[in-house]
Amino acid sequence: MTTEVSFYTGVADRLGYLVRLLRKSQQAGVRTGVCGPAHLLGRLDGKLWDAEASIFVPHARWEAAHAGTPLGEHTPILLSERCVDLPHREVLLNVGADMPEGFDEFQRVLEVVSTDPEQVQAARRRWRRYEELGFKVIHHKVA
C-alpha cells in the first residue's frame, strides 16, 4: 500500500475548513483520524461540538486506553495526539507542525495549511520530507 499525501494550502479559516473537511469525510463514510497537539485538538473538538445539529459531525477524543472498546468502531472521526494509537488506518488528518509517527500506515494523509507564515514554513518542511521519503504529494490550492 502506498500512502497518498495531499496538501490543502492557502486556507484562511483553518478551523472552519477542518470542520467542513471532516463533515465531508463523515458523509462519505470514511473513517478519519485527526492527529496533533492537545491544544489544537481541543479547539477542533470545541468547534465540532459548536456546529448546528443538522451538520453535527460525530467524533470523539481517542487515547490508547480506548483500544478494544466499541468507541473506535462506531465513531467515524477520532481525535488523538498520537496517530499510532488510532484503531484504523484509512485517513489521517495531521494538524500538527511535524510529520506524525506512523503516517505511512494510512491510506491517505491530509495536511491543511493556513496562510500563517509559521504554518507555511512548517508545511514546507513536511512537504520536502514526504518527497525525500518517496511519497508523491498532491497539492490543492484553496485560496
Side-chain angles (χ1 to χ4, degrees), residues 1-51 55-143:
M1 172 182 77
T2 302
T3 302
E4 179 183 304
V5 179
S6 297
F7 274 75
Y8 298 82
T9 64
V11 177
D13 174 16
R14 186 178 189 217
L15 217 48
Y17 192 84
L18 292 171
V19 170
R20 288 190 302 278
L21 192 61
L22 290 171
R23 186 178 316 125
K24 283 183 180 181
S25 179
Q26 184 258 331
Q27 290 172 343
V30 177
R31 294 186 309 167
T32 304
V34 183
C35 183
H39 72 280
L40 288 178
L41 295 176
R43 289 180 55 212
L44 179 58
D45 185 36
K47 187 80 167 174
L48 287 166
W49 278 109
D50 286 346
I55 58 170
F56 177 73
V57 177
H59 68 285
R61 296 291 291 261
W62 183 265
E63 298 175 6
H66 292 124
T69 68
L71 178 65
E73 297 171 26
H74 302 296
T75 309
I77 309 297
L78 298 172
L79 312 178
S80 178
E81 291 180 53
R82 294 171 22 100
C83 73
V84 294
D85 293 336
L86 293 166
H88 68 78
R89 296 294 182 260
E90 289 180 40
V91 174
L92 174 66
L93 174 55
N94 180 32
V95 297
D98 299 317
M99 287 174 57
E101 178 186 345
F103 76 89
D104 54 341
E105 297 174 9
F106 288 79
Q107 295 170 20
R108 290 188 70 200
V109 174
L110 308 177
E111 299 270 2
V112 176
V113 185
S114 76
T115 56
D116 174 72
E118 192 174 303
Q119 261 196 42
V120 170
Q121 288 303 320
R124 286 179 179 157
R125 286 190 299 273
R126 289 192 309 277
W127 183 312
R128 278 193 300 272
R129 187 66 184 134
Y130 283 122
E131 287 184 331
E132 288 170 0
L133 292 171
F135 294 92
K136 179 183 176 194
V137 177
I138 300 166
H139 183 221
H140 305 276
K141 189 159 177 69
V142 175

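Only a predicted model underlies this, so the values are computations on that prediction, with no experimental measurement involved.
Between Val142 and Val113 there is no side-chain heavy-atom pair separated by less than 4.5 Å. Side-chain contact between Leu21 and Val112: present, with at least one pair of heavy atoms (C-beta onward) separated by less than 4.5 Å. Between Leu78 and Pro87, the closest side-chain pair of non-hydrogen atoms falls below 4.5 Å. By the 4.5 Å heavy-atom criterion applied to side chains, Val5 and Ile138 are not counted as neighbours. Residues Cys35 and Pro100 form a side-chain contact, since some pair of their non-hydrogen atoms from C-beta on lies under 4.5 Å apart. Leu22 is listed as a side-chain neighbour of Val34, based on a closest heavy-atom distance under 4.5 Å. Side-chain contact between Thr32 and Leu92 is absent, with no heavy atoms from C-beta onward closer than 4.5 Å.
In terms of the side chain to side chain contact (heavy atoms under 4.5 Å, CB included) criterion, Lys136 has no residue partners (sequence neighbours excluded).
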#### Entry: Pair Phe106-Val91, side-chain contact (heavy atoms from CB on, under 4.5 Å): steps then yes or no
CA-CA 6 Å; Phe106 288 79; Val91 174; 6.0 Å; no
### Chi angles and distances behind the side-chain contact (heavy atoms from CB on, under 4.5 Å) call for Thr3, Gln107
CA-CA 5 Å; Thr3 302; Gln107 295 170 20; over 6 Å; no
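The distance from the CZ atom of Phe7 to the CZ atom of Arg126 is 5.0 Å, given to the nearest 0.5 Å. Here CZ of Arg43 is found 9.5 Å from NZ of Lys47. Values are rounded to the nearest 0.5 Å. Here the CG-OG distance, from Leu93 to Ser6, works out to 11.0 Å after rounding to the nearest 0.5 Å. For the atom pair Met99 CE and Asn94 CG, the distance stands at 9.0 Å (nearest 0.5 Å). Here Asp104 contributes atom CG and Thr2 contributes atom OG1; the two are 10.5 Å apart, rounded to the nearest 0.5 Å.
Residues Arg82 and Asp85 are paired through a salt bridge, judged by an N-O separation under 4.0 Å between the basic side chain and the carboxylate. Using a 4.0 Å cut-off between a side-chain N of Lys or Arg and a carboxylate O of Asp or Glu, Glu131 and Arg128 do not qualify as a salt bridge.
Pairs of residues two or more places apart, or lying in two chains, that qualify as salt bridge (charged side-chain N to carboxylate O under 4.0 Å, His left out) and include a residue from residues 3-25 are Glu4-Arg108.
Annotation: Glu132, atom CD; neighbour count of heavy atoms from other residues, nucleotides and ligands within 6.0 Å is above 12.
Within the 3.5 Å criterion, the main-chain N or O of Ser114 finds a donor-acceptor partner in the side chain of Gln119.
Aromatic ring orientation, Tyr130 versus Phe103: perpendicular (interplanar angle above 60°, classes split at 30° and 60°).
A side-chain donor from one of Thr9 and His139 sits under 3.5 Å from a side-chain acceptor of the other.
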